[in-house]
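First up is the structure itself, then whatever we jot down about it.
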Amino acid sequence: MIRQFLPTLAGVLLAVSTQAAPPGPGPGPIGSVVAAWTQIVPGPTSGSELAPPGVELRIVIQSEAQPSRPDASYCADYAVSYSDASGDEGHSTAWIVRANPGHTSFPIAVCALTMGDDWVSASVVSASGAGRGLPVAIENEGGSTGLGITVPGPYLIGRQNIDEDGQAELRMVTVADTGCRGEVTEPGRRSYQDCGFWQFGTIMHSALQADADLVIHAGDYRYFWEPDGEGTDPSPDTWSYWLLDFFRPAQPLLLDAPWVFGRGNHEICPWYGPGWFYLLGTGDDPACLVNGAATWHFDVAPGGVDATEGTAEGAADPHRFVVIDTSNDRSTQLEQHFSEALSQTGLPSTWWVTHIPAYNLLDYATGHGRPPTDHTGNDGIRSALLSAVGQASEPFCDASRAPGPSCRPSTFLMGHQHLFQRLEFYGEGERSGPHVWPQQVIVGHGGVNTDEASLGGSPCLHDAFDIGGTGNTAAVWSSSHHGYVVWTRSAATVDSPSGWSSTLRRADGSELSLGPVTATTPTCN
């Protein structure tokens, strides 16, 4: 979320625009790979009703603010060696050079390579000089990090884990709002934080234990010395600050599993939007899209989305993720984005990945000496969403859908609010019935200083949510501990309300239990 001003420093209140941010990390050696990852992108269109994920391997190569070589020549210095499901090995140099928004801010080359859907693993190797064919490690300004660039291939999504009953199991890690705000504070405003105690790097190392098939980030990567309310940005949209806020701490997990990169409101234009599109966007349009990127989707399943159900690989019902850009809550195209998402919600088990919640429960005043102020969601997002749902050809939620979730999508996965929160919506006081609105899951506890909901218990019951003019009861689970969520989906869980089972973990990986809803669950007041 966006702050209005930097805090008091040396007794003087300074607007964010009047104070320069400390420098970010220095550049790596020219021509070296300084970051690498795989990410899920829209796959090729086919006649099938399923949409297997496309996966790209991306590397960042250090160049110069005034490069003496074109970006394509940097990419040509490297190649990819891979093995596929048949046991064959191959070699590729089919890099796509992403359009750089400006070498002064981004003295790098970003190279993307589409991975084959039957690839099991891939490694980046040198394609030139005396080290031709040798593995490559990521470097920084101090030299090699020792992190070799070997990544799992798309074929392993849903195939690399089994549950305790021997069934194929899909595993996922979710995070959001992961950056660090800076070390200063201002009384009466949401606190900045001491980056010496920033938990994002700890979360990334802990999450390696999950052996995830994919990682979803629901937006807001850049926080360090964040913009003010007028759009002035003293921590510029540059590669150095992207390294500081995201790529350095995330690098181990970036190599461990393919990521889905949602767009948060910190990645709007002109703040950190150009950097997000260049580094993490799914297309290669260098323009910073003010009203949002196109809605898209992909499908996954235990056993592999292309496996035959009932085979030894144990494929269960496929699950769809629809990725929606809600970075700009004033966008004139929000309703269109939601309508497109509804048209892509074609599987019984579908989640929407977005950023700003239409519904949540939060107290912004906690700890600042002001009266409590309940915040129950974003008006702009809520209005556009309800309008799109009202014009849909079938209801969002239908109690006759059984077995499985009564709502399609069954869950919104979001960030924006700096805490973990899960909301399950029921009819007026009828907690035993089917959901009347999709489950809301907020995973904004990924590193930035946390918010409080100031609830009487967790879980608790809140009766003041007004969805479509009808009063609704929500069971609310909430935690302000930094951490992440591990999700699993197998044959044992596909018929649950969300289709997934979840484990909430603190930054150090320890499990955090918030308890079930019971007859004695308190109200949220």
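These figures come from a predicted structure and were not determined experimentally.
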Keeping to residues at least two apart or across chains, list the salt bridge (Lys or Arg N to Asp or Glu O under 4.0 Å) pairs with something in residues 349-360.
-> none
Quick one: side chain to side chain contact (heavy atoms under 4.5 Å, CB included) partners of Asp508, sequence neighbours excluded?
-> Arg506, Ser510
Between Ser406 and Ala399, is there a donor-acceptor pair closer than 3.5 Å when you use the side chain of the first and the backbone of the second?
-> no
With distance as the sole test, does Glu267 use its side chain to make a donor-acceptor pair with the main-chain N or O of Gly264 at under 3.5 Å?
-> yes
Atom CD of Glu164 with >12 non-hydrogen neighbours under 6.0 angstrom = no
Salt bridge (Lys or Arg N to Asp or Glu O under 4.0 Å) partners of residues 328-353, not counting sequence neighbours, each pair once = none
Report yes or no: does Ser331 contribute a side-chain atom to a donor-acceptor pair with the main-chain N or O of Gln333 at less than 3.5 Å?
-> yes
Could you please spell out the steps behind the side chain to side chain donor-acceptor pair (under 3.5 Å) verdict for Ser490 and Gln167?
-> CA-CA 7 Å; Ser490 68; Gln167 298 282 344; over 6 Å; no
Ring centroid separation for Trp37 and Phe247, is it under 6.0 angstrom?
-> yes
Would you say the side chain of Thr282 lies within less than 4.5 Å of the side chain of Pro42, judging by non-hydrogen atoms?
-> yes
To the nearest 0.5 Å, what is the distance between OG (Ser92) and CG (Leu113)?
-> 4.0 Å
In chain order, what residues pass the ring-ring contact (aromatic ring centres under 6.0 Å, His included) check against His217, with sequence neighbours excluded?
-> Tyr221, Phe246
Check the angle between the aromatic planes of Trp198 and Phe200 and answer parallel, tilted or perpendicular using the 30° and 60° thresholds.
-> tilted
Nearest 0.5 Å please: distance from the CZ atom of Arg248 over to the CG atom of Leu254.
-> 13.0 Å
Donor-acceptor under 3.5 Å (Thr326 side chain, His355 main chain) = yes
Quick check: does any side chain N or O of Arg98 sit under 3.5 Å from a backbone N or O of Tyr278, one acting as donor and the other as acceptor?
-> yes
Taking every non-hydrogen atom, the tightest pair across Val485 and Val443 = CG2-CG1, 3.9 Å
I would like to know whether Gln439 and Thr411 meet side chain to side chain donor-acceptor pair (under 3.5 Å); could you show each step before the answer?
-> CA-CA 4 Å; Gln439 175 183 235; Thr411 295; 2.9 Å; yes
Apply the side chain to side chain contact (heavy atoms under 4.5 Å, CB included) test between His418 and each candidate in Leu362, Asp451, Ile442; give the one that qualifies.
-> Asp451
Under the ring-ring contact (aromatic ring centres under 6.0 Å, His included) test, residues paired with Phe420 that sit two or more places apart | His445
Residues that Ser502 engages under side-chain hydrogen bond (donor to acceptor under 3.5 Å, both in side chains), provided they are two or more places apart | none
Would you call the rings of His319 and Trp500 parallel, tilted or perpendicular, where under 30° means parallel and over 60° means perpendicular?
-> perpendicular
Between Asp325 (side chain) and Ala293 (backbone), is there a donor-acceptor pair under 3.5 Å?
-> yes
Side chain to side chain contact (heavy atoms under 4.5 Å, CB included) filter on Thr523, not counting sequence neighbours, yields Asn525
Keeping to residues at least two apart or across chains, list the ring-ring contact (aromatic ring centres under 6.0 Å, His included) pairs with something in residues 388-412.
-> Trp352-Phe396, Trp352-Phe412, Phe396-Trp437
Trp487/Trp351 aromatic ring centres below 6.0 Å | yes
Can you tell me which residue pairs pass the salt bridge (Lys or Arg N to Asp or Glu O under 4.0 Å) test with a partner in residues 389-401, sequence neighbours excluded?
-> Glu394-Arg401
Tell me, please, which residues at least two apart from Ala99 pass side chain to side chain contact (heavy atoms under 4.5 Å, CB included).
-> Asp284, Pro286
What's the spacing between Asp299 CG and Thr350 OG1 if we round to 0.5 Å?
-> 7.5 Å
Considering only heavy atoms from C-beta outward, does the side chain of Leu512 approach that of His481 to under 4.5 Å?
-> yes
Compute the ring centroids of Trp296 and Phe298, then answer whether they are less than 6.0 Å apart.
-> yes
Among residues two or more places apart or on two chains, list those pairs meeting disulfide (SG to SG under 2.5 Å) that have a residue in residues 477-525.
-> Cys460-Cys524
Sorted by chain and number, sequence neighbours left out, ring-ring contact (aromatic ring centres under 6.0 Å, His included) with His435 holds for Tyr426
Face-on cation placement of Arg181 at Tyr223 ring, 6.0 Å and 45° thresholds = no
Has the side chain of Arg58 got a donor or acceptor atom that lies under 3.5 Å from a matching backbone atom of Leu279?
-> yes
Is the closest side-chain heavy-atom distance between His297 and Phe321 below 4.5 Å?
-> no
May I ask you to decide if Met172's main-chain N or O and Asp213's side chain share a donor-acceptor pair within less than 3.5 Å?
-> no
Hey, are the side chains of Pro459 and Val476 touching, using non-hydrogen atoms and a 4.5 Å cut-off?
-> no
So, the side chain of Ser387 versus the backbone of Ala384: is there a donor-acceptor pair under 3.5 Å, distance only?
-> no
Hey, what do you get for CZ (Arg263) to CG (Leu289), rounding to the nearest 0.5 Å?
-> 6.5 Å
Near-ring test Tyr155/Trp119, centroid separation under 6.0 angstrom = no
Could you please spell out the steps behind the salt bridge (charged side-chain N to carboxylate O under 4.0 Å, His left out) verdict for Asp163 and Arg171?
-> CA-CA 10 Å; Asp163 65 14; Arg171 297 183 190 173; over 6 Å; no
Could you tell me whether a side-chain N or O of Asp245 sits under 3.5 Å from a main-chain N or O of Cys180, the two making a donor and an acceptor?
-> yes
